[in-house]
Each structure stands twice: as structure tokens, then as C-alpha cells.
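First comes the structure, then the notes that go with it.
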Amino acid sequence: MCGIIAYTGHRAASSILVDGLRRLEYRGYDSAGIAVRGDDGNVRILRAEGKLRALEARLREAEPQGRVGIGHTRWATHGPPTETNAHPHRFRKVCVVHNGIIENHLDLKAALRQDGHEFASDTDTEIFAHLVHRTAERHPDLPLAEIVRRALDGVRGTWALCVLHDDHPGEVVGARHGAPLLVGLGEDGNGAGPENFLASDVAALLEHTRTVVDLEDGDVVSVRPDAFTVFDAGGAAVERPSRRVTWSPMAAEKQGFKHFMLKEIHEQPQAIADTLLGRILMEQADVHLPEVPEKVAACGRVLIVACGTSFHAGLALRYLVEDLVGIPAYAEIASEFRYRNPVIVPGDVVVAISQSGETADTLAAVAEAKRRGAACVAVCNVVGSSLARTADAVVYTHAGPEISVASTKAFTTQLAALTLFALYLGRRRGTLSPERALEILEALRATPEAIGRVLAQEPAIRAIARRYVAATNMLYLGRGLGYPVALEGALKLKEISYIHAEGYASGEMKHGPIALVDPSLPVVAVALSGPGYRKVVANLEEVRARGGRIVALASPGDRDIADLADDVIVVPDVHPAVAPIVATVPLQLLAYHVADAKGTDVDQPRNLAKSVTVE
């Protein structure tokens, strides 16, 4: 991950590649590089750690000349963000760039090493270069597209891949499986000469073409200046329709969505799939988290520190640890943890959660916990962040860059990663049976599809939201794992719509908040079937008796909730352990559409910053 562009044509490739990468900067990245084949056939690679300006500085010193090339901005997944790990990667005659994750990279690398292959980086991507080279040596007479297709046989994971090969000048081959890749068709409007492109995102191409062809999973494409050919997973040539893009460059970055927040809400099925990728072992009813030392499973207590949205994810982890692992767990706001005298005992493990990895209060809490002898496991979205460097172990969420200040996919991927962590502990301590673990793992794998069904209800949720635009206060209620969902739903609404909203444990309503209930106070309830359901129904009956308006998240076919609530949003039936992941999404959409109808600055709400790096 994170951005790809490739070019073959009549113009200087390096400037086109760098310009395309610049238009992908909004996606976030930690290194960048290009490979350009000169007219003499030699390929020059320039890479740099950090932002594009570092790469551009090297280009000013010695810009590679040539008319075919590939470029990449990397968001690290395997190996730290260094120049050595930056793309493109080269092995002998082959250069590659890649978005995605190779799930079985360790097995593939071991097999290649047995064949005498040596690796120059920590990445999984470099394996592709070795596989393509080996296949080309075995089948030198095959077209490059077929070589790449055969090289991918046996690879598990996701990829958007671009390949250069010294024996195939002027050609770039792309492949897609689970990660976006499209062909840009050169328009040659001034008659200067033919050209074509490949990119992971249409934003990279709009300065050069607005005609694109979307590849499908399993496709391999051969791109030359004057033609392209798409082959399906079986190697047969196929036709893929072209489309005309009418978006502006800024709209292209948002992929047609009105705001980044809405785009990121819709990215959650893929983000969660990426977070789960390679970590679920169905045959063993277990979780693969090699980054977490086995000794962590022997901990006596789990102490969770986080702020804001991440704290809500931590609260869900508390419920999961106590249920699945059977040891004490405590979730605490990081800013409070460091300013009291926390009791740390031998065997304590602190789980620190932060999207950016730069949250000052969380970093300070971790420093205090480590000073007192606790081990630290970080759950983070940014490779190489301060929290990642400070922690003893890091579980990355693989949410991808999140541009909108209000967190959406970072939160749901945190929930997914934390559920994996709780399963990991439970299986190693023997408190979680294989049968129960398998139920939850199957439910986790199904969450992207379940979220997709929630997203399909967006028009109905938009209509509901418009009925509450004039509200000045809203109350959110949840019980058990529905409580952190209620807290997060209320936070989203107040962040972007500026409507005062509070999340409460449902059982606490009668201990004060019920005094606020009247026809002017909308109450949003997480009322899914499962533990505590009847108690939530009783709470809603109390709200109804006082004239309060009710918006309820309900399970399919729930007539009791339908009779009580003014508006119902149906949430697919899922295992209670993963219900918070799915139930959060409709509340994100509700908050978004209320804020959009009010006309607020959804992506940049007043007074807020994406990463709170000061206390």
C-alpha cells in the first residue's frame, strides 16, 4: 500500500510518475519511488524515505530519462518505512510495485530461499519480483502477461501489481486481486503519439486522461503505448468496458463522494478485510498475531489506555477480555491514567490504542505504565509512529489513511484488531474453546459483507437523519457491548453536527438522564437481540411513556422495537462479539447525514484536529 501509477508512451515518464504520485498524496504514505526504463534499455530506480519532496530532490540531481516506468507511494505493512523497503523492488530483470498484502509471504520466501534467492528488503512485495523472474526463466517464450499470471499461482492475499521486465521493453503488466487497479487510455489529442497508463486511483490520471477501464479481480493486463489487452484469471483475453470520468481532481480523490468522511465510511468493508487478512486461522480455530509475544498471554490483568474514539474501542476490549479470557480488564481515559497514582502489579499488560500513534496523553500514559513495570501492546494505524516505536509489540489496524477528522474506519478496524487480540489471549490461556473461537472467527470474516448490507440502507438512513436536523440535544443508549457503540455514536454526532449528544449505559438512564426525556429529546438506542435485550426494551418503554422520540438499531424482524420506535434501522444478525463493528456503521451514517443537512464542515469540524499531539 498505498498508491500506484505506471506509464508507457512518448513522453518523459519520470515527471508523469511523480505528478501522479503527488495527486495520490492525500491517501497518506511514508516513502516513495519510481523506476524508469531508458531508451538504452537500462532501468533506473530512485527511492526515498519520507514525503515526495525527498524523492524530488534526488530527481533534481539525476532525473532518469525514459518513456516507460512505474511509481509508488508506500504505507508500510511489512518492514519499517525505509528507503530499502520503499518500492519499486527489483530482482535481476524484474521491477515491481504493489499495493496489498501477501498472506503467505513467509512460506513463499522460505521456498524461494531454498532455491537460492536472496532478499534485499523486509517487504512481502519483493517476493513478486522473484516469482516473476523465476517464472520467466522457466518459460522465456511466454508473453509477459502470462508469465505474471503464472507467477501469481499459489500466492494468497491481495494485490494491485505493476511489473516491468527487461526483456519486454515498452510494456507494463498489471494484475489485480482484492485491491483497485485501472487502465487509463491515452487520448493523444494533439497527435504527439500514443500513450497509456495504469493507476490504483483515478486521481492520478485526470491531468492526462478521463477515459479509464476498471479491472476485475483476477485480471492481468498488458499495457503498451498503442494498445492494451486484459486477460481473466484463466488466461483468456476479455473485454472490459471503458468509462468516462467527469470528476474534478479533488472529487476524484474523494472517488465521487461528497466528503472524505462518507468515502471512509464506505471503505470500511475493505479496511476490515485488510485488518483481518492473514490473521485468521480457521483450520486451527485460532488467530495469527506473530507480533504479540506469547508471554503476553500469561498476563494477570489487561489495562487499556486511550482517548476519544479509541477509548470507546478500548471499552469494547474490556468486555471481550473479561468474557473470552476470564481475567480482569480495565479501560481508562489516558489523560486520567497518568495524573493519578495507578497501581501496576507484576504481570500487567497495558494495551494502548491510538489511530495516529501520536496522541500525547496516550503516549504519556504508556510511558508511566512502562516506568512502573508493565509491558505495552499498541494498537495503531500508522507504521513507525511514536506509539509504535515505544510499545513492546504493535498490532497494526491496516485501515489505510483517514483524511476526515472524525474517525470512522479507524474505529471499526480497531474493534476488529482488538477482537483478534482477545481471541488470541483466550486461545492461549485455554479459556476459549475451539468451537466458540470458530464461531467468532467466522463472524469476523463475515463483517465486511454485513457492513455492506448496512451501507445499502444509506438512503433510508439519510431520510431518518433529516427528521432530526433541528434537534439541539440527543441521548444515545446501549447495554453491554452496545454501550461503547452508543458512546461512539454520540461522539460522532457532536463532533460534526455540533448537536449536544451524550452516550449512556442504558441502565443508567433512570439514574438521572430520564429527567431530560420529553418530546423534544430524540433517544437513539442500540437495541439488538442478544444479552441485555429485554432490559433495553424496558428502557425504551420508559422513554415512550414520557413522550420521547426513539431511533432504534434493531435486529431483522423485531416487532417489539418496531412498535416502540419512531424510526428503526435494521442491523444484520451477527455474533454478539462482533456486533459493535457492524452496529457502529449506521450511527456513523446518521451523524454524517444530520451534519451534511445542517451544512457544517464535515471533514474539518471546528476546533478539532486529526491527531491530538498536545495535552
Side-chain angles (χ1 to χ4, degrees), residues 301-322 328-345 348-372 374-382 385-387 390-391 395 397 405-408 410-415 417-418 421-422 475-495 500-505 507-508 511-513 580 584 587 605 607-615:
R301 298 188 305 172
V302 173
L303 308 178
I304 304 150
V305 293
C307 298
T309 285
S310 295
F311 171 73
H312 301 156
L315 188 59
L317 176 63
R318 176 187 177 181
Y319 285 94
L320 291 169
V321 167
E322 291 181 345
Y330 306 90
E332 185 152 3
I333 296 169
S335 57
E336 291 296 312
F337 182 87
R338 73 168 300 204
Y339 283 116
R340 61 181 183 80
N341 190 21
V343 177
I344 304 290
V345 299
D348 281 352
V349 167
V350 168
V351 176
I353 310 167
S354 169
Q355 185 279 140
S356 67
E358 305 295 342
T359 308
D361 287 318
T362 304
L363 289 169
V366 168
E368 180 65 19
K370 293 192 71 173
R371 188 181 70 82
R372 293 171 181 256
C376 176
V377 176
V379 176
C380 183
N381 191 41
V382 179
S385 62
S386 298
L387 180 59
T390 302
V395 178
T397 55
V405 168
S407 180
T408 52
F411 176 67
T412 51
T413 54
Q414 284 173 353
L415 290 175
L418 293 168
F421 179 71
L475 182 64
Y476 284 65
L477 300 177
R479 187 179 288 267
L481 280 168
Y483 174 43
V485 174
L487 290 173
E488 178 61 13
L491 179 61
K492 283 290 130 336
L493 186 73
K494 72 177 74 170
E495 281 181 318
H500 175 252
E502 292 298 329
Y504 266 86
E508 284 292 290
H511 296 288
T584 294
L587 297 187
N607 305 330
L608 295 179
K610 184 64 181 171
S611 178
V612 183
T613 58
V614 295
E615 292 187 64

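Hydrogens, waters and symmetry mates play no part in the numbers below; they use all other heavy atoms, side chains included.
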Looking at [atom1] of [X] and [atom2] of [Y], how far apart are the two atoms once the value is rounded to the nearest 0.5 Å?
X      : Y      : atom1 : atom2 : value
Leu363 : Glu358 : CG    : CD    : 6.5 Å
Cys307 : Gln355 : SG    : CD    : 13.0 Å
Leu415 : Leu315 : CG    : CG    : 10.5 Å

Checklist entry - Considering residues at least two apart in sequence or located in another chain, which fulfil the side chain to side chain donor-acceptor pair (under 3.5 Å) criterion with Thr362? => result none
Next on the checklist: Could you work out, with side chain to side chain donor-acceptor pair (under 3.5 Å) as the rule, every residue matching Thr413, not counting sequence neighbours?
Outcome noted: none
Quick one, [X] and [Y] - any side-chain contact, counting heavy atoms below 4.5 Å?
X      : Y      : answer
Val350 : Val377 : no
Phe421 : Leu317 : yes
Val351 : Val321 : no

Looking only at heavy atoms, which two atoms of [X] and [Y] are closest? And how far apart?
X      : Y      : value
Tyr339 : Ser335 : CD1-O, 3.2 Å
Gln414 : Ala313 : OE1-CB, 3.6 Å
Gly314 : Ile304 : O-CD1, 3.4 Å

Checklist entry - Are any side-chain N or O atoms of Lys494 and backbone N or O atoms of His500, one a donor and one an acceptor, separated by less than 3.5 Å? => result no
Checklist entry - Under 3.5 Å, is there a donor-acceptor pair between the side chain of Thr359 and the main chain of Asp361? => result no
Side chain to side chain contact (heavy atoms under 4.5 Å, CB included) involving [X] - partner list, sequence neighbours excluded:
X      : result
Ile344 : Leu303, Phe337, Asp348, Arg372, Ala374
Ala306 : Ser310, Phe311, Ile353
Ala391 : Cys376, Ala378, Val394

Considering only distance and modelled atom types, tabulate donor-acceptor pairs under 3.5 Å from the side chains of residues 483-493, sequence neighbours left out.
residue, atom, partner, partner atom, Å
Glu488, OE1, Thr309, OG1, 3.0
Glu488, OE1, His312, ND1, 2.9
Glu488, OE2, Thr309, OG1, 3.1
Glu488, OE2, Lys492, NZ, 2.6
Lys492, NZ, Thr309, OG1, 3.1
Lys492, NZ, Ser407, O, 3.3
Lys492, NZ, Glu495, OE1, 3.1

Item to check | salt bridge (Lys or Arg N to Asp or Glu O under 4.0 Å) partners for Glu336, two or more places apart | outcome: none
Item to check | Tyr504 OH: over 12 foreign heavy atoms closer than 6.0 Å | outcome: no
Next on the checklist: If we check side chain to side chain contact (heavy atoms under 4.5 Å, CB included) with Glu332, which of these qualifies: Arg340, Arg318, Arg338?
Outcome noted: Arg340
